[in-house]
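One structure is given here, and the rest of the page talks about it.
As the structure is a prediction and not an experimental result, all values here were calculated from the model.
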Amino acid sequence: MITLRLGTRGDIDAVLTFWLDATAEPSTTDDATGLEGLLDRSPGALILAIDGDAIVGTIIGGWDGWRGTLYRLAVAPTHRRRGIATMLVADAERQLREQGVRRMHLIAGRAGGTAAEAFWLSARYEPTDQVRFVKMLD
């Protein structure tokens, strides 16, 4: 049975390992320092899907006061096509809606291909023509 719970500092190493195992598109902030900062600033932002004692899914739901954003949706390859991603998105959206979020935003990596695009379309997210720009502040 899959359960959802909030991630904690005690989950950081397992989450980082899970993201590697789940073939999630790597990010430069996928490290303990990045997750510690997230959990300090937004303790309820990291949601985990758990099967037994194993992490089988993650999502981060953030809000900057302007719009809600979803990050790091990942499901273990062995657990895909079971509705876990849908559960994670719904829970993140619920939490963000309770905080006052009215508009959502996300960036879907190209690594997920057409399956990722189909998932987000089924979740009623619409693609835009915007271009993403990033800059590392190191």
Test log, rule side-chain contact (heavy atoms from CB on, under 4.5 Å), inputs F18 and L48: CA-CA 11 Å; F18 168 75; L48 306 178; over 6 Å; no
In Å, rounded to the nearest 0.5 Å, how long is the span from [atom1] of [X] to [atom2] of [Y]?
X	Y	atom1	atom2	value
H105	R67	NE2	CZ	6.0 Å
L35	T29	CG	OG1	8.0 Å
R97	W63	CZ	CH2	13.0 Å
L4	I47	CG	CD1	7.0 Å
L106	Y125	CG	OH	6.0 Å

Stepwise side-chain contact (heavy atoms from CB on, under 4.5 Å) test for W66 and V101: CA-CA 8 Å; W66 183 253; V101 172; over 6 Å; no
Heavy-atom check, side chain of V15 versus side chain of L46, under 4.5 Å: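 V15 vs L46: side chains touch.
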List for me each residue that meets side chain to side chain donor-acceptor pair (under 3.5 Å) alongside [X], sequence neighbours excluded, and say none if there are none.
X	value
S42	none
T8	D11
T86	none
R9	D40

Polar side chain donor-acceptor pair, T58 to W19, under 3.5 angstrom: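 Yes, W19 and T58 have a side-chain donor paired with an acceptor closer than 3.5 Å.
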Flag, side chain of R124 to backbone of W120, donor-acceptor distance under 3.5 Å: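 Flag not set: sc R124 to bb W120 has no pair under 3.5 Å.
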Backbone N/O of F119 and side chain of S122: donor-acceptor pair under 3.5 Å: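 Here the side-chain-to-backbone pair exists.
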Shortest non-hydrogen contact from [X] to [Y]?
X	Y	answer
M104	L96	CE-CD1, 3.6 Å
A22	V75	CB-O, 4.0 Å
A92	L70	CB-CD2, 3.7 Å
L88	I59	O-CG2, 3.7 Å
A49	I84	CB-CG2, 3.7 Å

All salt bridge (Lys or Arg N to Asp or Glu O under 4.0 Å) counterparts of E98, not counting sequence neighbours: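 Salt bridge (Lys or Arg N to Asp or Glu O under 4.0 Å) list for E98, sorted by chain: R94.
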D53: salt bridge (Lys or Arg N to Asp or Glu O under 4.0 Å) partners, not counting sequence neighbours: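 Checked D53 against salt bridge (Lys or Arg N to Asp or Glu O under 4.0 Å); zero matches.
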L6 reachable from I2 in the ILVMFWY side-chain graph, under 4.5 Å edges: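 Hydrophobic grouping puts I2 with L6.
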side-chain contact (heavy atoms from CB on, under 4.5 Å) evaluation trace for I12 with E36: CA-CA 8 Å; I12 289 175; E36 288 168 358; 3.4 Å; yes
Test side-chain contact (heavy atoms from CB on, under 4.5 Å) applied to D30 and R72, step by step: CA-CA 10 Å; D30 287 358; R72 308 312 283 147; 2.8 Å; yes
